[in-house]
Peer 1: 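This is the structure I want to talk about, given as structure tokens.
To find a chain, count down the sequence lines: A is the first, B the second, and so on, and within it residues start at 1.
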2 protein chains.
Amino acid sequence: MSILPKPAARTLASDAYERIRAEIRTGRFRPGDRLRFADLQALCAMSVTPVREALARLTAEGFTSLDDHRGYSVAQLSLSELRDITANRKLCEGEALRLSIERGDAQWEAGVIAAHHLMVRVPQGREDMPSAIRDDWDARHAAFHRALIAACGSAILLDTCGRLFAHADRYRRVSVSLLMSGRDAEAEHRLIMETALARDGAAAVAALHAHYEKTAEALEAFFDGQGS
Amino acid sequence: MSILPKPAARTLASDAYERIRAEIRTGRFRPGDRLRFADLQALCAMSVTPVREALARLTAEGFTSLDDHRGYSVAQLSLSELRDITANRKLCEGEALRLSIERGDAQWEAGVIAAHHLMVRVPQGREDMPSAIRDDWDARHAAFHRALIAACGSAILLDTCGRLFAHADRYRRVSVSLLMSGRDAEAEHRLIMETALARDGAAAVAALHAHYEKTAEALEAFFDGQGS
DNA sequence: GAGTCAACGATTTTCGAAAATCCAGACGAT
DNA sequence: ATCGTCTGGATTTTCGAAAATCGTTGACTC
């Protein structure tokens, strides 16, 4: 049984949204690439209208950008934006985790433990693995981080965190193997979980911050090497 | 032909976006109202395609909501969401203000003073005033709050704050006069500005938090009276 | 040779109608 | 009387082509 519950896109527009978003996430559409309607229509096998709606949504979320009458293109990645995202994640997810620890009940604890278990049962994705495996781990990784902050009680904060996570995800994707080499991501995740379940807010937030900092540092090194 | 004072609206879609957004802001479209394409086409004098794109953007920003095949409607207002927005504003704008105070230069100081001056030169909007006057004060009020955090150095944080401000704005609109009666908003604004310019981060953030709390309290009282 | 401008090609943006979908009410069966 | 099915009308969603716009090429002038 698959983790992906097949959300069954109810309209072509949402189908196109998920499809194009996936192409950007996986790097098939590269940062800066122009997105021509003709190509996207061919890819999604539909007319221009739903494609346009999908691009409008993607742009509102920052995955693509729009110049009037010059069309859409994939949003650029930059070192400065990576730093910006990291700082905002520390602020928002840190606060959300603190609130979750303060307000979470046994149900929340169970959710965190379950999500962590599902994540560690699957090997961490590497670049040489089939993308389906990598996608699977990514989905479980995202679910774990979501479970941590699920009890914060603020729908808006959860939305903000989700947005930031999705953007950070794009950066993480550019080099999975480099990112995780020489690190013990499992230990970092376990430390976050254990301090959270122990209701030690300060320690949990500190662990979360350290986790993000290490991720950002690895990516910065990669970016420097690339010269982009 | 000379260029009219309307440099914006480079496409019909963005024109529709601003128009519908304004109708929601001013309360002409009420929370929960269904937004039929036929009506919006008549209002904006254009076809369905740009209207659809406008609604897609508005939905991504939370002003409208979409049920597949059941159309768009104006997002509801609720006491719990108001509390949620207030909490998030305290978190995000508080941090942005702290960063601005830390990093802002003389240019930032000048911007704050200028925006404050422009705001106090115009009388606070009341319900019996023509809406053009109210809109004017609202715009200057928004500009003042933006100027305060302009030097925070984080584009993403500024975006988040702008989103939150726009939502809070909808709540403030439901009762301008009640909101400001018995309060001294001018004094609150001045205190924020003075502590910020004095580079007293803690005091400025505290003043900002108090400002938001008072706004939220006044609105809560209004909501209770309405029973909604 | 450099600069200006007009027409062209490529692409986005918009239109109006057709297709798909949902809601409400009527009808019949249990 | 209640439940479930079916149809009519209203509304969204999608299509394919037309209109508008931008960047570029090439000719033409200075």
Side-chain angles (χ1 to χ4, degrees), chain A residues 6-24 28-76, chain B residues 1-4 6-24 28-76:
Chain A
K6 183 71 162 64
R10 306 205 35 79
T11 68
L12 290 185
S14 41
D15 189 30
Y17 169 82
E18 292 177 15
R19 190 133 189 189
I20 298 171
R21 193 175 185 277
E23 298 291 323
I24 293 175
R28 196 132 174 286
F29 289 159
R30 297 255 204 73
D33 280 359
R34 283 192 66 183
L35 297 172
R36 291 187 198 75
F37 281 96
D39 301 339
L40 298 177
Q41 282 180 64
L43 172 69
C44 301
M46 61 184 67
S47 182
V48 64
T49 312
V51 170
R52 169 165 278 273
E53 176 157 338
L55 287 175
R57 284 197 236 171
L58 287 166
T59 299
E61 293 181 9
F63 291 107
T64 56
S65 59
L66 166 66
D67 289 325
D68 280 335
H69 292 288
R70 293 188 59 183
Y72 293 85
S73 55
V74 179
Q76 296 280 2
Chain B
M1 282 304 134
S2 68
I3 296 178
L4 294 173
K6 196 112 184 261
R10 303 195 43 76
T11 68
L12 291 185
S14 41
D15 189 30
Y17 169 82
E18 291 177 15
R19 190 134 190 186
I20 298 171
R21 192 174 186 277
E23 298 291 323
I24 293 175
R28 198 130 173 284
F29 289 159
R30 297 256 205 70
D33 280 0
R34 282 192 66 183
L35 296 172
R36 289 184 199 71
F37 282 97
D39 300 339
L40 298 178
Q41 283 180 64
L43 172 70
C44 301
M46 61 184 67
S47 183
V48 65
T49 311
V51 170
R52 170 165 277 274
E53 177 159 337
L55 287 175
R57 282 197 237 172
L58 287 166
T59 299
E61 293 181 7
F63 291 106
T64 57
S65 59
L66 167 65
D67 290 324
D68 280 336
H69 291 287
R70 294 186 58 183
Y72 292 86
S73 56
V74 180
Q76 296 281 2

Peer 1: Can you give me the closest heavy-atom contact between B:I24 and B:T64, atom names plus distance?
Peer 2: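 What the structure gives for the nearest pair is CD1-CG2, 3.7 Å.
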Peer 1: Nearest whole Å is fine: how far is C:dA20 P from A:M46 CE?
Peer 2: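 Atom CE in A:M46 sits about 15 Å away from atom P in C:dA20.
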Peer 1: Starting from C1' on C:dT14, measure out to CD on A:E53 and report it in whole angstrom.
Peer 2: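 Spelled out: CD on A:E53 to C1' on C:dT14 is 15 Å.
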Peer 1: Heavy atoms only: give me the nearest A:M46-A:V51 pair and the separation to one decimal.
Peer 2: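 Here A:M46 and A:V51 meet closest at CG-CG2, 4.0 Å.
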Peer 1: Tell me the interatomic distance from A:D33, atom CG, to C:dT11, atom P, rounded to whole angstroms.
Peer 2: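 Spelled out: CG on A:D33 to P on C:dT11 is 14 Å.
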Peer 1: Which listed nucleotide (C:dT12, D:dT14, D:dT13) is nearest to the side chain of A:F37?
Peer 2: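 For A:F37, the side-chain atoms sit closest to C:dT12.
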Peer 1: What is the distance from CZ of B:R52 to C1' of C:dT13, rounded to the nearest Å?
Peer 2: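 The answer, rounded to whole Å, is 16 Å.
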Peer 1: Can you tell me how far P of D:dA10 sits from CG of B:D67, to the nearest Å?
Peer 2: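 Rounded to whole Å, this separation is 21 Å.
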Peer 1: Which whole-number value in Å describes the distance from A:L66 CG to D:dT21 P?
Peer 2: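 Between P of D:dT21 and CG of A:L66: 16 Å.
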Peer 1: To the nearest Å, give me how far apart CG (B:D39) and P (D:dT12) are.
Peer 2: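 Result: 9 Å.
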Peer 1: When you get a sec, tell me which of D:dT14, C:dT13, D:dT11 is the closest nucleotide to the side chain of A:V48?
Peer 2: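 It is C:dT13.
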Peer 1: Rounded to whole Å, how long is the line connecting atom CG of A:L40 with atom P of C:dT11?
Peer 2: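 Result: 12 Å.
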Peer 1: Which heavy-atom pair separates A:V74 from A:P31 by the least distance, and what is that distance?
Peer 2: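 What the structure gives for the nearest pair is CG1-CA, 3.7 Å.
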Peer 1: Looking at B:R70, does any N or O in its side chain come under 4.0 Å of the phosphate oxygens OP1/OP2 on D:dT12?
Peer 2: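 So the side-chain polar atoms of B:R70 never come under 4.0 Å of the phosphate oxygens OP1 or OP2 of D:dT12.
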Peer 1: Which part of the nucleic acid, if any, lies within contact of A:L35, taking any heavy atom under 4.0 Å across all strands shown: a base, the sugar-phosphate backbone alone, or nothing?
Peer 2: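 Sugar-phosphate contact only.
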Peer 1: Output yes when at least one side-chain N/O atom of A:R36 is less than 4.0 Å from OP1 or OP2 of C:dA10, else no.
Peer 2: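 For C:dA10, neither OP1 nor OP2 has a side-chain N or O of A:R36 closer than 4.0 Å.
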Peer 1: Given that B:A38 and A:H69 both sit by DNA chain D, which one's nearest nucleotide is further toward the 5' end?
Peer 2: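 Taking each residue's closest nucleotide, the earlier one in sequence belongs to B:A38.
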Peer 1: Treating A:S73 as the side-chain partner and A:G32 as the backbone partner, does any N or O pair qualify as donor plus acceptor under 3.5 Å?
Peer 2: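 A pair under 3.5 Å: no.
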Peer 1: Which nucleotide sits closest to the side chain of B:L12: C:dT12, C:dT14, D:dT13?
Peer 2: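 It is C:dT14.
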Peer 1: Is there a donor-acceptor pair closer than 3.5 Å between any side-chain N or O of A:R34 and the backbone N or O of A:R70?
Peer 2: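 Such a contact is found between A:R34 side chain and A:R70 backbone.
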